[in-house]
Amino acid sequence: MTRTALVTGAASGIGRAIALQLAKDGYNVAITDLSHQSELGSQVIKEIESLGSKGHFIVADASKRSEMFQAVEETSSKFNGFNTMINNAGIMTAEPLLSLDEKRIQKTMDINFNGVIWGIQAAAKEFEKLGHGGKIINACSFLGFNAFPFLGIYCASKFAVRGITQVAAKELASKKITVNAYCPGMVNTSMLANAGNDLSKELGLTPEQIVSTYTKSHITLGEIAQPEDIANLVSFLGDEKSNYITGQSIHVDGGIVF
Ligand SMILES: NC(=O)c1ccc[n+]([C@@H]2O[C@H](COP(=O)([O-])OP(=O)(O)OC[C@H]3O[C@@H](n4cnc5c(N)ncnc54)[C@H](O)[C@@H]3O)[C@@H](O)[C@H]2O)c1
């Protein structure tokens with residue numbers, strides 16, 4: 001039977017690469033993103049279809065519980081099944097700790113952390129309704145293990161994703177659901193470009209200098225990742241070859257050493 005996946009925040013970046021990889025793997029792929037990304041989302045669906053798979057774009061805000069439940073239900077009914085949930089949507093927040101305000105903390109946690117919880121809840125309930133287990137895969141980061149100055153709330157949100165991934169794996173094991181996370185390092189997406197711009201003033205370096213300095217000093221393989229590098233790990237975590245892996249937050253970062 002054809003497997004079905006839902007990937008959140010997949011109109012661009014790592015989510016798009018995951019959606020395309022899963023299409024190559026033969027999945028039906030639904031993707032979500034925010035309404036202003038609809039055009040890009042529709043393009044991703046065309047790319048999925050050109051790979052011979054079925055795609056479906058859903059406008060849904062990952063930080064809204066009801067929209068995540070609706071997106072999962074829509075995916076399941078559209079493709080008559082549902083096996084794999086990828087909680088990918090996330091935002092970067094660069095701000096000195098001492099000037100972080102409630103709004104920025106709330107927004108970052110709402111998307112990066114609460115969004116993962118809504119995705120876990122919605123997927124687990126749907127798997128249960130369908131009478132089988134499934135796979136849940138969350139976006140963490142090397143910053144779910146390491147502190148980086150001026151990225152405090154982003155780091156905290158990713159430490160939290162790592163924690164909830166372990167808890168969810170324990171709570172959902174009896175339902176035959178595995179829960180894991182991918183932890184990219186620096187990946188060539190708009191998020192990295194924006195982070196470079198935002199950190200430029202704080203670190204006194206140009207965005208290009210930030211990336212090249214940290215690449216040289218911290219990345220064993222000496223280069224940043226492409227989104228496809230992350231998608232390859234997610235492809236494995238979605239496959240039955242990874243059935244005995246759960247609760248893990250797995251590095252895919254070119255060997256980042258802090
Ligand atoms: N790029 C990196 O270097 C890097 C490193 C480690 C972890 N990550 C994580 O990987 C994930 C993807 O990152 P990326 O680099 O592709 O980011 P990106 O900014 O390039 O793309 C993120 C996508 O998510 C969408 N999105 C944002 N908020 C959303 C919301 N509330 N609901 C639905 N969609 C939303 C955006 O519109 C965009 O299409 C994120 O969780 C990020 O924290 C990225």
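For ligands, and for the atoms within them, numbers begin at 1 and follow the listed sequence.
- In this structure, Ala225 falls outside the shell of residues with a heavy atom less than 4.0 angstrom from ligand 1.
- The closest side-chain heavy-atom distance from Leu199 to Phe148 is below 4.5 Å.
- Residue His36 places every heavy atom at 4.0 Å or more from ligand 1.
- Near Met186, the atoms of ligand 1 lying under 4.0 angstrom from a non-hydrogen atom of the residue are 3 (O).
- Here atom 44 (C) of ligand 1 lies nearest to Ile14 when heavy atoms of Asp253, Ile14, Val252, Val187 are compared.
- Of all atoms in ligand 1, listed by their number and element, those nearer than 4.0 Å to a heavy atom of Ser12 are 21 (O), 38 (C), 39 (O).
- Considering backbone and side-chain N/O of Ser141, none are found under 3.5 Å from N/O of ligand 1.
- Distances shorter than 4.0 angstrom do not occur between any heavy atom of Thr32 and any atom of ligand 1.
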| field | Criterion side chain to side chain donor-acceptor pair (under 3.5 Å) on Asn232 and Glu228, from CA distance to verdict | value | CA-CA 6 Å; Asn232 285 333; Glu228 291 72 22; over 6 Å; no

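- Between Phe258 and His218, the ring planes lie parallel to each other; the angle is under 30°, not in the 30° to 60° tilted range.
- Listed by number with element, the atoms of ligand 1 under 4.0 angstrom from any heavy atom of Cys140 are 7 (C).
- Defined by atom type and a distance below 3.5 Å, a donor-acceptor pair is missing between the side-chain atoms of Glu208 and Ser212.
- Close contacts between ligand 1 and Tyr154 involve ligand atoms 6 (C), 7 (C), 8 (N), 9 (C), 42 (C), 43 (O) [criterion: under 4.0 Å to a heavy atom].
- Set against the non-hydrogen atoms of Ala89, the atoms of ligand 1 under 4.0 Å away are 33 (C), 34 (N), 35 (C), 41 (O).
- When non-hydrogen atoms are compared, ligand 1 lies under 4.0 Å from the backbone of Ala62 as well as from its side chain.
- Of all the heavy atoms of Arg16, none lies under 4.0 Å from any atom of ligand 1, so neither backbone nor side chain is involved.
- Residue Ala60 has at least one heavy-atom neighbour below 4.0 Å for each of these atoms of ligand 1: 32 (N), 33 (C).
- Residue Phe142 has no nitrogen or oxygen atom sitting less than 3.5 Å from a nitrogen or oxygen atom of ligand 1, judged on distance alone.
- At a heavy-atom distance under 4.0 Å, only side-chain atoms of Ile111, from C-beta outward, approach ligand 1.
- Neither the backbone nor the side chain of Ile224 comes within contact range of ligand 1; no heavy atom lies under 4.0 Å.
- Looking at Thr8 and Met85, their side chains come closer than 4.5 Å, going by heavy atoms from C-beta outward.
- Looking at Lys129 and Glu126, a side-chain N of the basic residue comes within less than 4.0 Å of a carboxylate O on the acidic one, giving a salt bridge.
- For the pair Asp239 and Arg3, the salt-bridge criterion is met [side-chain N within less than 4.0 Å of a carboxylate O].
- Residue Gln37 has at least one heavy-atom neighbour below 4.0 Å for each of these atoms of ligand 1: 36 (C), 37 (O), 38 (C), 39 (O).
- Within ligand 1, the atoms closer than 4.0 Å to a non-hydrogen atom of Ser190 are 18 (P), 19 (O), 20 (O), numbered from 1 in the order shown.
- By the neighbour-count criterion of 12 heavy atoms within 6.0 Å, atom CG of Asn80 is sparsely surrounded, having that number or fewer from other residues, nucleotides or ligands.
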